[in-house]
Amino acid sequence: MKKYKKLITYGTFDLFHIGHLNLLKRLKAMTEELIVAVSTDEFNSLKKKKSLIPFEHRAKIVESIKYVDQVIPEKDWEQKILDIKSYGIDAFAIGDDWKGEFDYLKEFCDVIYLERTKNVSSTQLKKSLKNFLSVSPEDLNIAFSILSQLKQDLE
Ligand code: CTP
């Protein structure tokens, strides 16, 4: 039996990963309808956050997840109370990296903080990607030797 009728969550969902999927799956198990507010690129720059994947793509990816019923844009910090009222939300949920931050919403609906999936985040993925793509001085030396040899062979 589902506990809630309409539950809402907010996030950037950049480089969609297993932590995002686990969260959405657990949320859908708690509600009949799951609404996900995905941060727009403009809102992210306001938060000094930069996503690799543009908003339109992030929104489509989240929308295609079978646990998600509806995606709306998250454009500013103030919209939550308005969303809760206009969508008839009975629960707000988010990962526990935000623990306590949204307690002010308890006046309007239940507020739930869920434990995050360990050892994965968009920030971590971006760091791994940077390391993966970085060229070591040894690699550069090898490339230089190969190119020098090629040049000599052509002369
Ligand atoms: N989340 C989670 N477990 C993770 C990562 C994220 O449960 N390992 C949850 C967050 O707590 C949030 C939602 O997924 O409720 C969307 O989070 P988002 O900030 O988009 O994901 P992060 O991977 O934490 O992104 P960043 O590293 O940019 O903060």
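Whatever order the structure lists them in is the order used to number ligands and atoms, beginning at 1. The basis for the numbers below is simple: all heavy atoms, side chains too, and nothing from hydrogens, waters or symmetry mates.
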(message) One residue to check: Gln124. Relative to ligand 1, which of side chain, backbone, both or neither has a non-hydrogen atom less than 4.0 Å away?
(response) neither
(request) Considering heavy atoms of the protein only, find what lies nearest to atom 11 (O) of ligand 1 and give residue, atom and distance to 0.1 Å. (result) Asp97 OD1, 2.7 Å
(request) With heavy atoms of Ser121 as the reference, note each atom of ligand 1 found under 4.0 Å away. (result) 23 (O), 27 (O)
(request) Assess Lys6 against Tyr87: is NZ or CZ under 6.0 Å from the centre of the six-membered ring, and within 45 degrees of the ring's axis? (result) no
(message) Does the residue Lys49 have a heavy-atom contact with ligand 1, meaning some pair of atoms that are separated by less than 4.0 Å?
(response) yes
(request) Indicate if Leu27 and Trp98 have the same hydrophobic cluster label, given that clusters are the connected sets of ILVMFWY residues with side-chain heavy-atom separations under 4.5 angstrom. (result) no
(request) Please confirm whether Phe92 and Tyr10 have ring centers closer than 6.0 angstrom. (result) yes
(request) Note the single closest protein heavy atom to atom 15 (O) of ligand 1, along with its residue, its atom name and the distance in Å. (result) Gly95 N, 3.0 Å
(request) Answer with yes or no whether the side chains of Asp97 and Tyr113 bring together a donor and an acceptor at under 3.5 Å. (result) no
(request) Write out the residue and atom name of the closest protein heavy atom to atom 25 (O) of ligand 1, then the distance separating them to 0.1 Å. (result) Ser122 OG, 3.4 Å
(message) Starting from atom 27 (O) of ligand 1, what is the nearest protein heavy atom, named by residue and atom, and what distance separates them?
(response) Thr123 OG1, 2.5 Å
(message) For atom 10 (C) of ligand 1, what is the closest protein heavy atom, and at what distance to 0.1 Å?
(response) Arg116 NH1, 3.7 Å
(request) Report yes or no: does Thr9 have a heavy atom closer than 4.0 Å to ligand 1? (result) no
(request) Classify the contact between His17 and ligand 1 as side chain, backbone, both or neither, using a heavy-atom distance cut-off of under 4.0 Å. (result) side chain
(request) Of the side chain and backbone of Thr12, name the one, both, or neither that has a heavy atom under 4.0 Å from an atom of ligand 1. (result) both
(request) Run the ring-centre check on Trp77 versus Phe43 and record whether the distance is less than 6.0 Å. (result) yes
(message) Please report the interatomic distance NZ(Lys75) to CZ(Phe55), rounded to the nearest 0.5 Å.
(response) 8.0 Å
(message) Return the closest protein heavy atom for atom 18 (P) of ligand 1 as residue, atom name and distance.
(response) His20 NE2, 3.7 Å
(message) Suppose we measure from atom 9 (C) of ligand 1 to each protein heavy atom; which comes out shortest, and what is that distance?
(response) Leu23 CD2, 4.0 Å
(request) For Ser136 and Asp139, test the side chains for any donor-to-acceptor distance below 3.5 angstrom and give the result as yes or no. (result) yes
(message) Can you tell me how far apart CD1 (Ile18) and OG1 (Thr117) are? Round to the nearest 0.5 Å.
(response) 7.0 Å
(request) Find out if a path of hydrophobic residues (ILVMFWY) with successive side-chain heavy-atom gaps under 4.5 Å connects Ile112 to Leu21. (result) yes
(request) Go through ligand 1 atom by atom and flag the ones less than 4.0 Å from a non-hydrogen atom of Phe13. (result) 16 (C), 20 (O)
(request) Among all protein heavy atoms, pick the one closest to atom 3 (N) of ligand 1 and tell me residue, atom and distance. (result) Thr117 N, 3.1 Å
(message) Around atom NZ of Lys130, are there more than 12 heavy atoms from other residues, nucleotides or ligands closer than 6.0 Å?
(response) no
(request) Mind checking whether Val120 contacts ligand 1 via backbone (N, CA, C, O), side chain (CB onward), both or neither, at a 4.0 Å heavy-atom cut-off? (result) both
(request) Go through the steps for Lys126 and Asp14 under the test salt bridge (charged side-chain N to carboxylate O under 4.0 Å, His left out), then give the verdict. (result) CA-CA 10 Å; Lys126 280 177 214 164; Asp14 193 22; 3.2 Å; yes
(request) Report, in ascending order of atom number, the atoms of ligand 1 lying under 4.0 Å from any heavy atom of Ile94. (result) 15 (O)
